[in-house]
2 protein chains.
Amino acid sequence: MAQKIKLSTIADALGVSTATVSLALRDSPLVADSTRDRIKDHARAIGYIYNRRAASLRTSRSGIVGVVVHDIMNPFFAEILRSIESELDRSRQTFILSNHYDQLEKQRTFIDTLLQLGADGVIMSPAIGTPPEDILMAEENGLPAVLIARTVEGAAVPVFRGDDAYGTALATNHLISLGHTRISMIGGTDQTSTGRDRYQGYLNAMEAAGLEVRPGWRIPGPRTKQAGFEAAGQFLALKDHPTAACCWNDLVAIGLMNGIARAGLTPGVDISVTGYDDLEEAAIATPALTTVWNGQREVGRRAARALLDKLSGTQVRPSQELIKPELHVRQSTGRPRER
Amino acid sequence: MAQKIKLSTIADALGVSTATVSLALRDSPLVADSTRDRIKDHARAIGYIYNRRAASLRTSRSGIVGVVVHDIMNPFFAEILRSIESELDRSRQTFILSNHYDQLEKQRTFIDTLLQLGADGVIMSPAIGTPPEDILMAEENGLPAVLIARTVEGAAVPVFRGDDAYGTALATNHLISLGHTRISMIGGTDQTSTGRDRYQGYLNAMEAAGLEVRPGWRIPGPRTKQAGFEAAGQFLALKDHPTAACCWNDLVAIGLMNGIARAGLTPGVDISVTGYDDLEEAAIATPALTTVWNGQREVGRRAARALLDKLSGTQVRPSQELIKPELHVRQSTGRPRER
DNA sequence: CTGAAAGCGCTTACAG
DNA sequence: CTGAAAGCGCTTACAG
């Protein structure tokens, strides 16, 4: 590889100063049009590559934004990421992605990396057990944070997520209105705000309808298709098993439906199933899944914008933004089967 | 936020030079044990954050590796990424991820960003139409590249991918051995090496068995669940429609099965379907999908290692590494139905 | 409109 | 084993 080309290479070749080259390349109005064009043409011709590390060291802005979620392989996060991506692209920010798999240590390592790289900000779905101090520490070191999907009590930052209690209440009420009285809640965990809220919404709806809730009807844990598939056995083995299942998310619901089908029953006919998120594949599942649209696009878009606002110095209040979910009724729910 | 803490802050406080601090923090044997401990303890105590931009500007190593694929939302790539991640984690490299969605411009922008950040290397599944010059340019500017999944003719870099022609031949031969004679190939495109190879493998198997291949039996294009779902209509509308479909990947196969089920037919009984990749969800699909294991883990692991080898100066030959696929037979394939 | 000079926070020869 | 000094490649006041 040839001699490294830098600003001064261009400056020397054209008989101007590096200051002029620097300004010209960034389209500063301080530089005469003709000078600017001459410089830009030459830079392109010799294949100049802008050194962002050097610039960033000087300006202490890196153009890097970090995004950390539980698992990008989860389509729920993937859909959020997609909209974050398109929002950040527009303002020419590079983003660095990481999974924390709900391990606090991995999350801390990543935040540390961002600090070392001088990242401009971070969008995070906090790992289970994230203490508010972790977020405070980042902010104090110049790394503003915005939260998605989950909240952290005591962290004074903006949070964007769906109204989870309202959402599961929608699903549960839909099942109740079809005539179901024994309804199970499958998946999720009390260790996250989302988990607590979704369970609460289900409880609220059941109680408001005067329906009994048996402890065994809750099968906590599953969050993946695989786990939903495996939960089918446990669900069907419940004494007087429920006629409907309100699932933690679409993945669990689709897995459960597969497990139910594998056991020789027909989901949507023998057992009604609701999902949560309305992933792209909910509509093409067999049967098509009744689910709660969770506003992934909206969450990603608003979170990215809030962060960009913070970066540009706009005051952003540390508020909870709850996106209103919507029920999308499809074929996986119906009247309870006569027995 | 308090006064910025840097090496010299520590040096001043402890009455040593910045050189000593720098060496101590990196565990250099040149520094006395007691001095090192004193320095490290103090650094931790006052919350020192290492500035990687400054270090990288000096050393011209950034500890950043870029990864660019068509779409990280695609579980096929997600599984590859997972193994790349665990391999890179181990050697403490940060990785930056990007989708190119098969747009050459997006891919170029990303490579440019990597060059500007002084990334140490890039692992890429090249976008359709990537000219070898793009890869050559990156390498000449100090960004070594390793290819996954697809190859680029004329690019002298290591490539890790499955033996695609062999893989679809496995699937096709399996269908033939069950007694199918009218077999369709659904999905993929001739614009990628993978697309050409997979179609060729299907053709080879059909011809070797002396079976006719009608042009209409190939439905090119679909690569997603949604597209596979939509292709079901076209497939079922074929005159004397085939009794089996060899699909581009698991997503198309699962989508197609859903579409077939929606049309009132039973996949695995009325129509046999094979996938490709053996994603985690292939095993829990309904019916469980017969598919070709494509070695995602292996591809990711080997590609990451090859890049790390390149970075450490080991000579890596620009060879094609073909991972041997394996057929996993499940319930989505069976004997053709009598008509 | 353009140039000379300082400085961002590290690491690396070079001395001692 | 430790320190003084130069330099990585930019940008930013400050002069003119």
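Order of the sequence lines sets the chain letters (A, B, ...), proteins ahead of strands, with each chain counted from 1.
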>> For A:Ser83 and A:Ser86, which I'm curious about, is there any donor-acceptor pair between the side chains at under 3.5 Å?
In response: no

> What is the distance from CG of A:Asp37 to P of C:dC1, rounded to the nearest Å?
Replying inline: 13 Å

> Rounded to the nearest 0.5 Å, how far does CD of B:Glu321 lie from CD of B:Glu298?
Replying inline: 9.5 Å

>> Under a plain distance cut-off of 3.5 Å, with no hydrogens placed, do B:Arg52 and B:Thr94 share a side-chain donor-acceptor pair?
In response: yes

Which atom pairs link the protein and nucleotides 13-16 of chain D when you take only N or O atoms and keep those under 3.5 Å?
none

> Could you give the distance from CG (B:Leu307) to CZ (B:Arg305), rounded to the nearest 0.5 Å?
Replying inline: 13.0 Å

> Less than 4.0 Å between a side-chain N and a carboxylate O, is that true for B:Arg297 and B:Glu87?
Replying inline: no

> Whole Å only: how far is the CG atom of A:Leu23 from the C1' atom of D:dT12?
Replying inline: 9 Å

> Going through the distances and angles, do A:Arg26 and A:Ser22 end up as a side chain to side chain donor-acceptor pair (under 3.5 Å)?
Replying inline: CA-CA 7 Å; A:Arg26 283 172 298 141; A:Ser22 171; 2.8 Å; yes

>> If I take atom CD1 in residue B:Ile10 and atom P in nucleotide D:dG3, what distance separates them, rounded to the nearest angstrom?
In response: 14 Å

> Is the shortest heavy-atom distance from the side chain of A:Arg61 to the side chain of A:Asp120 under 4.5 Å?
Replying inline: yes

> So which of A:Arg108, A:Gln107, A:Arg150 actually passes side chain to side chain donor-acceptor pair (under 3.5 Å) with A:Thr130?
Replying inline: A:Gln107

>> Regarding A:Gly15, tell me which of base, sugar-phosphate or nothing describes its non-hydrogen contacts under 4.0 Å with the strands shown.
In response: sugar-phosphate

Between the protein and nucleotides 6-10 of chain D, which nitrogen or oxygen pairs come in under 3.5 angstrom?
from   : atom 1 : to      : atom 2 : distance (Å)
D:dG7  : N2     : B:Arg58 : NH1    : 3.4
D:dG9  : OP2    : A:Lys6  : NZ     : 3.1
D:dG9  : N2     : A:Ala54 : O      : 3.1
D:dC10 : OP1    : A:Tyr48 : OH     : 2.8
D:dC10 : OP2    : A:Leu7  : N      : 2.9
D:dC10 : O5'    : A:Tyr48 : OH     : 3.2

> When rounded to the nearest 0.5 angstrom, what is the spacing between CD1 in B:Ile135 and CD1 in B:Ile111?
Replying inline: 7.0 Å

>> For DNA chain D, please output the secondary structure as dot-bracket, reading 5' to 3'. Pairs are Watson-Crick or G-U wobble, both atom distances under 3.5 Å; mark crossing pairs with [ ], other-strand partners with |, unpaired with a dot.
In response: |||.||||||||.|||

>> Please confirm whether the shortest side-chain N or O distance from A:Thr20 to OP1 or OP2 of C:dT2 is below 4.0 Å.
In response: no

> Does the side chain of A:Leu88 come within less than 4.5 Å of A:Leu308's, by heavy atoms?
Replying inline: yes

>> Can you tell me if A:Thr35 touches the phosphate of C:dT2, counting only side-chain N or O atoms and a distance under 4.0 Å to OP1 or OP2?
In response: yes

>> Side chains of B:Lys106 and A:Asp89, heavy atoms from C-beta outward: is any pair under 4.5 Å?
In response: yes

